[in-house]
Amino acid sequence: MNRLPEDFYLRTDVLQVSRALLGKVLVTQFEGVHTAGLITEVEAYRAPDDRACHAWNNRRTNRTEVMFREGGTAYIYLCYGIHHLFNVVTGPEGTAHAILVRAVEPLEGIEIMLQRRKAPLPESRLTTGPGALSQALGLTTAWTGQSLLLPDTPVWIEDRGRLVSDTDIAAGPRIGVDYAGECAAWEWRFWLRDSAFVSRKK
DNA sequence: CACGGGATCGTCT
DNA sequence: GACGATCCCGTGT
C-alpha cells in the first residue's frame with residue numbers, strides 16, 4: 001500500500017492537486033470489507049473567491065468548518081437528503097479548498113459494490129457520479145472530518161504508479177453549479193479523457 | 001435519447 | 001421554510 005503523503009494534499013493550488021488526483025486509487029476498508037476505485041473525474045472548489053464553494057467568502061458554519069482544516073481530511077456532506085458526496089480537503093489549515101470526487105473506475109470489491117448499490121447495474125454505472133460512488137464505496141457523512149493520512153483510517157488514497165500526463169486530462173465547467181454566477185463557467189472539472197467511467201459525456 | 005418529476009433531510013435564512 | 005456540488009425511473013419520441 002502506498003498511501004499519498006501529507007505533502008500531496010498540502011499544496012496551495014487546488015487545481016493542481018485536482019489534476020494530480022486523477023489516476024490515484026480511492027480505498028475504503030471497514031468492518032472487514034475492502035473496496036477500491038481508480039479516480040477518473042473530480043471538481044475543484046475554492047474559497048473565498050469561488051461562489052460555488054460552500055465556504056464561499058470564507059463563510060464558517062458547522063458544516064464548512066471541516067473545509068478549513070489541513071489538507072488530507074475528508075469532507076463529506078449530504079446532498080438532496082439522499083446522497084453522501086465525498087471531497088478531499090487540500091491546502092494548509094485555514095484555507096477552505098476541497099476536491100469533489102465525481103467518479104471512479106471499480107477495481108476491488110466489485111461484488112460488494114453491487115450489493116451496496118441497486119444490483120443489477122452495468123459496471124459502467126456502478127461508480128460514476130458523486131452520489132453513486134459514495135454508495136458503492138460505503139462513504140457516508142459519518143466520516144466527515146476523518147483523516148486520510150493516519151494509520152488505520154477507514155478511507156484513504158493510494159498511488160499505484162498509474163501515469164497520467166496533461167494530454168490525458170480533459171477540463172470543463174462543473175456540474176450543477178448554475179447558481180454560482182460567473183464561477184459556473186470556470187473549467188474546474190477534470191476527467192480522464194479516455195475513461196469509460198465518467199459521470200457525463202462532454 | 002431527452003425530458004421531467006419525486007425522493008428526502010441537513011443546513012442556513 | 002426553501003433549497004441543494006444527485007440519482008433513478010417513467011414517459012414520449
Side-chain angles (χ1 to χ4, degrees), chain A residues 9 14-15 17-19 21-22 26 37 39-69 71 73-91 95-106 113-146 148 155 157 170-192 196-202:
Chain A
Y9 302 103
V14 67
L15 302 180
V17 184
S18 296
R19 291 169 164 275
L21 218 41
L22 295 173
L26 177 60
I39 298 174
T40 57
E41 179 184 356
V42 298
E43 283 176 358
Y45 290 85
R46 186 183 74 188
D49 54 317
D50 173 18
R51 261 188 123 111
C53 180
H54 291 156
W56 172 63
N57 212 14
N58 283 338
R59 185 177 56 160
R60 283 179 182 263
T61 67
N62 282 340
R63 182 175 66 157
T64 65
E65 197 61 32
V66 168
M67 296 186 76
F68 290 87
R69 294 212 205 154
T73 301
Y75 169 50
I76 308 176
Y77 74 96
L78 188 66
C79 187
Y80 292 97
I82 303 174
H83 306 290
H84 301 253
L85 302 206
F86 174 79
N87 301 251
V88 178
V89 174
T90 70
T95 66
H97 299 177
I99 302 166
L100 172 68
V101 179
R102 288 193 55 88
V104 304
E105 173 182 341
M113 296 189 200
L114 282 166
Q115 287 172 27
R116 288 176 179 156
R117 300 271 291 138
K118 200 170 188 175
L121 263 179
E123 199 168 301
S124 61
R125 288 182 42 209
L126 188 56
T127 54
T128 54
L133 97 254
S134 290
Q135 188 176 44
L137 295 179
L139 297 160
T140 74
T141 56
W143 291 349
T144 196
Q146 170 72 57
L148 308 179
V155 52
I157 302 176
R174 294 169 293 180
I175 303 292
V177 297
D178 294 342
Y179 60 87
E182 308 202 341
C183 307
W186 296 352
E187 300 197 329
W188 284 11
R189 174 182 174 228
F190 306 97
W191 65 94
L192 290 179
F197 300 91
V198 168
S199 69
R200 300 191 199 182
K201 304 263 175 179
K202 175 143 191 245

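Throughout, protein chains are lettered first and strands after them, A, B, ... in sequence-line order, and every chain is numbered starting at 1.
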Please state how far atom [atom1] in [X] lies from atom [atom2] in [N], giving the value in whole angstrom units.
X      : N      : atom1 : atom2 : answer
A:Q135 : B:dA7  : CD    : C1'   : 13 Å
A:H54  : C:dC3  : NE2   : P     : 16 Å
A:Y75  : C:dA5  : OH    : C1'   : 9 Å
A:I82  : B:dG5  : CD1   : C1'   : 12 Å
A:R60  : B:dT11 : CZ    : C1'   : 18 Å
A:Y80  : B:dC12 : OH    : P     : 16 Å
A:H84  : C:dG4  : NE2   : C1'   : 14 Å
A:Y45  : C:dG4  : OH    : P     : 13 Å

Determine the contact category for [X]: base if any of its heavy atoms lies under 4.0 Å from a base atom, sugar-phosphate if only primed atoms, P, OP1 or OP2 are that close, otherwise nothing.
X      : result
A:R174 : nothing
A:L100 : base
A:G131 : sugar-phosphate
A:A180 : nothing

Problem - A:Q135 and A:R116: side chain donor to acceptor below 3.5 Å - result: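 Distance-only check fails for A:Q135 and A:R116.
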Practice task
Answer yes if the side chains of A:E41 and A:S199 hold a donor-acceptor pair under 3.5 Å, and no otherwise.
Solution key: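 The answer is yes; a qualifying pair exists.
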Per [X] side chain, nearest of listed nucleotides [options]:
X      : options              : result
A:H83  : C:dC7, C:dA5, B:dC12 : C:dC7
A:R117 : B:dT11, C:dT6, C:dC8 : C:dC8
A:L78  : B:dT13, C:dC7, B:dC9 : B:dC9
A:K118 : C:dC7, C:dC9, B:dT13 : C:dC9

Problem - A:R189 charged N/C atom sitting above A:W191 aromatic ring, 6.0 Å / 45° - result: yes
Problem - Mutual orientation of the aromatic rings belonging to A:W188 and A:W186 [parallel < 30°, tilted 30-60°, perpendicular > 60°] - result: tilted
Practice task
Report the base-pairing partner of C:dA2 (Watson-Crick or G-U wobble, both distances below 3.5 angstrom), or none.
Solution key: B:dT11
Handout entry: B:dG5 - base-pair partner by Watson-Crick or wobble geometry, distances under 3.5 Å
Key =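 Result: C:dC8.
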Practice task
Could you tell me if the ring centre of A:H97 sits under 6.0 Å from that of A:Y45?
Solution key: no
Practice task
Measure the distance between the ring centre of A:Y77 and the centre of the six-membered base ring of B:dG10, then answer whether it is under 5.5 Å with planes under 30°.
Solution key: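 Ring-base stacking flag not set for A:Y77 and B:dG10.
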Handout entry: Any A:R59 side-chain N or O less than 4.0 Å from OP1/OP2 of B:dT13
Key = yes
Problem - Residue-phosphate contact under 4.0 Å: A:R125 side-chain N/O, C:dC7 OP1/OP2 - result: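 No, A:R125 has no side-chain N/O under 4.0 Å of OP1/OP2 on C:dC7.
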Practice task
Using side chain to side chain contact (heavy atoms under 4.5 Å, CB included) as the criterion, point out the one residue from A:L137, A:L26, A:L100 that pairs with A:F86.
Solution key: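 Running side chain to side chain contact (heavy atoms under 4.5 Å, CB included) over A:L137, A:L26, A:L100 with A:F86 returns exactly one hit, A:L26.
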